[in-house]
There are 2 protein chains.
Amino acid sequence: MRKLPPLRALQVFETAARQQHFSKAAAELCITQSAVSHQVRVLEEYFGEQLFDRQGRKLQLTPKGQSLFIELERIFNELSDLNLKIRDTPNQQLCLAVYSSFAVKWLIPRLADFRRQYPSVKIRLEMITQDPDLSTSTADIFIAGKLNQRGYWQQLLHKERLIPVCSPSFYPKWRDINLSNFQQQALLIVDEGQLGLDWHKWSSAHQIPLNNEQQHIFSHIVMAIEAAIAGQGLALAPDFMVAGDISTGRLVAVNLPDVHTGFEFSFICKQRRLAEPAIAAFSSWLKSQA
Amino acid sequence: MRKLPPLRALQVFETAARQQHFSKAAAELCITQSAVSHQVRVLEEYFGEQLFDRQGRKLQLTPKGQSLFIELERIFNELSDLNLKIRDTPNQQLCLAVYSSFAVKWLIPRLADFRRQYPSVKIRLEMITQDPDLSTSTADIFIAGKLNQRGYWQQLLHKERLIPVCSPSFYPKWRDINLSNFQQQALLIVDEGQLGLDWHKWSSAHQIPLNNEQQHIFSHIVMAIEAAIAGQGLALAPDFMVAGDISTGRLVAVNLPDVHTGFEFSFICKQRRLAEPAIAAFSSWLKSQA
DNA sequence: CATACTAGATGAATTAAATTCATACTAAAT
DNA sequence: ATTTAGTATGAATTTAATTCATCTAGTATG
């Protein structure tokens, strides 16, 4: 809940300050000089400060009046630009560049909802497997690792946390799996995990050796998850990717420690494009999904 | 003359968008739900665009509504900060760092006018003889050569132009001085002219040799001008510095070419301090003097 | 399946804010 | 000293904002 100064009075004051003349301001606003005088007084009473020095026929801003004017001129310029910004309909098409795993297991299942809420925005989805080169990419929006680049807006979506999962059919007494019998289980390992997804990270984080006899290796986390669903072993998967499968009972979280990789999925786009209708819509929808 | 959207409607819309709820917005604004609905409609008619999607009891911003909201939230935050910015009275004392020649011959004579107009602002004047180190100086405002540094605001005050002048008593037929008899005249030369003030520059610009027999050398332009007033020879002086002496008849501009040194006097201060009352006042006064 | 409930929409009536009108005031210019 | 160009002011008026009473359409409930 915010407290704003009287807006009409600000507008009239800004005009008067710009014109340095109440009567000219009145002409610009198509009102009388009297109305200008009244509104300026309203503002002076609101701030409890003289804004103009009236020395006879010379009208002069006080230091505080000047200061206020400088801010207001900029702000009202922005307000008058809103007209254009809103009516121009730039690009109701959005090109998203998204990490493939995030796309498949998180974004795509939810995208239908976005399309329903904003049918006018057409989405084109581009998958990436490594941090994008912002300067050369043609995408409007990225969902990738955090990268601090000047002029870009980013918002944290998710901190990656890996949890061990398996199919309830893989090991009927899956609730009994624990550190002491862990090494008897088959492991579903992701190699070439540019996101730091794998059992080796888990192993060194918890100082548990990986002596498991059975180790199946996949090139992508999505395949490891599918293998887990098919009951082929224990996978180490980002929590958000398997939340759906867990709630439908296709996977279960086993009683083994999790691990934070430090990787963060972020929404990234050019700062100055943030208020474009399509981008604003997508950004707000993303926030509502978190 | 600018055209602004209906301000009250913007304010009500911003609250409604932030709350995602007309009734809550109404509560925040201490008005009824009906009033919110009316104002939102006013704005929608003004822009000719749907801003909210009303799907039954769910209220949802459209892409354009989102876009508008993002801009307005920022703008109204700034407006609500005005309160503090105006009431806080930071530093009604200003420290100016000014090139010595500009200070003596331009600023000081006019400073009385500034003091009369803004008696609440106390000025402390510091002279400099070379470009200031912005990062270490304690001055609030600089008047110096143009220097492009990020985060600093600058405004061009004057492009230096040198004109040859002398006292009317120095050479009674001063109107007859021209290029053919120039070398018979005594020259008042400024050495160590970090501003590029001197006859040598003039000489090479116009390809005129300086074979004058009498040459008096000074370490500062102000002294050369005083010598010219005393009738000791021809000085080459910045036009703005001698305008006063010329109008009172103490000096005359002789019929010889002028020269632009390329040096520019600029008003410089930290961008983010521009709206401080004292700085805003000085900046606006400077503009009025140009 | 009817019924109550929640949240917004709407049109006429009302209230509050902004503006005008008529006139007073003031410093500067003539 | 008088005119002039500008702002100030209080009461009257107009316009814009708000309320009130009622309506509508989804949602939830027993």
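Proteins come first, then strands; the chains are lettered A, B, ... in the order of their sequence lines, and each starts at number 1.
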>> Measure CG/Leu59(B) against C1'/dA9(C) and give the value in whole Å, please.
In response: 12 Å
> Which nucleotide sits closest to the side chain of Ile31(B): dT20(C), dT18(D), dA8(D)?
Replying inline: dT18(D)
>> Without decimals, in angstroms, what is the distance between Leu29(B) CG and dA17(C) P?
In response: 14 Å
> Does a side chain donor of either Ser284(A) or Gln66(B) reach within less than 3.5 Å of an acceptor in the other side chain?
Replying inline: yes
>> Using whole Å, what does the distance between atom P of nucleotide dT7(D) and atom CD of Gln60(A) come to?
In response: 13 Å
>> Just the rounded figure in Å: distance from C1' of dA18(C) to CG of Leu10(A).
In response: 15 Å
> After noting the C-alpha distance and the side-chain angles of Gln55(B) and Gln60(B), does the key distance pass the side-chain hydrogen bond (donor to acceptor under 3.5 Å, both in side chains) rule?
Replying inline: CA-CA 8 Å; Gln55(B) 310 172 9; Gln60(B) 178 95 40; 5.5 Å; no
>> If you assign each of Ala35(A) and Lys24(B) to its closest nucleotide in DNA chain C, which residue comes earlier from the 5' end?
In response: Lys24(B)
> Between dT24(D) atom C1' and Phe22(B) atom CZ, what is the distance in whole Å?
Replying inline: 15 Å
>> Checking contacts here: which listed nucleotide (dA17(D), dT19(C), dT4(D)) is nearest the side-chain heavy atoms of Arg8(B)?
In response: dA17(D)
> Between Glu28(B) and Arg18(B), is there a side-chain N and carboxylate O pair less than 4.0 Å apart?
Replying inline: yes
>> Please tell me whether Asn83(A) and Tyr46(B) have a donor and an acceptor in their side chains that are separated by less than 3.5 angstrom.
In response: yes
> If you check every side-chain atom of Ser23(B), which of dA18(C), dT18(D), dG8(C) has the closest atom?
Replying inline: dG8(C)
>> Is there a side-chain contact between Arg54(B) and the phosphate of dA9(C), meaning an N or O under 4.0 Å from OP1 or OP2?
In response: yes
> Hey, are Glu71(B) and Lys85(A) close enough for a salt bridge, meaning a charged N less than 4.0 Å from a carboxylate O?
Replying inline: yes
> Taking for each residue the nucleotide of DNA chain C with the nearest heavy atom, is it Lys58(A) or Cys30(A) whose nucleotide lies nearer the 5' end?
Replying inline: Cys30(A)
> Residues two or more places apart in sequence or in another chain: which of them pass salt bridge (charged side-chain N to carboxylate O under 4.0 Å, His left out) with Asp258(B)?
Replying inline: Arg161(B)
> For Asp53(A) and dA27(C), what is the distance between atoms CG and P respectively, to the nearest whole Å?
Replying inline: 13 Å
Can you name the atoms? Protein N/O to nucleotides 10-13 of chain C N/O, anything below 3.5 Å, with the distance.
{"from": "dT10(C)", "atom 1": "OP1", "to": "Arg41(B)", "atom 2": "NH2", "distance (Å)": "3.4"}
{"from": "dT10(C)", "atom 1": "OP2", "to": "Arg41(B)", "atom 2": "NE", "distance (Å)": "3.2"}
{"from": "dT10(C)", "atom 1": "OP2", "to": "Arg41(B)", "atom 2": "NH2", "distance (Å)": "2.3"}
{"from": "dT10(C)", "atom 1": "O4", "to": "Ser34(B)", "atom 2": "OG", "distance (Å)": "3.0"}
{"from": "dG11(C)", "atom 1": "O6", "to": "His38(B)", "atom 2": "NE2", "distance (Å)": "3.2"}

> So which nucleotide does dT10(C) pair with, by the Watson-Crick or G-U wobble rule with both distances under 3.5 Å?
Replying inline: dA21(D)
> Side chain of Arg57(A), base of dT4(D): donor and acceptor closer than 3.5 Å?
Replying inline: yes
>> Output the rounded distance in Å from CD (Gln19(B)) to C1' (dG8(C)).
In response: 16 Å
> How close or far is atom C1' of dC25(C) from atom CD of Gln55(A), stated in whole angstroms?
Replying inline: 17 Å
> Would you call the rings of His158(B) and Phe240(B) parallel, tilted or perpendicular, where under 30° means parallel and over 60° means perpendicular?
Replying inline: perpendicular
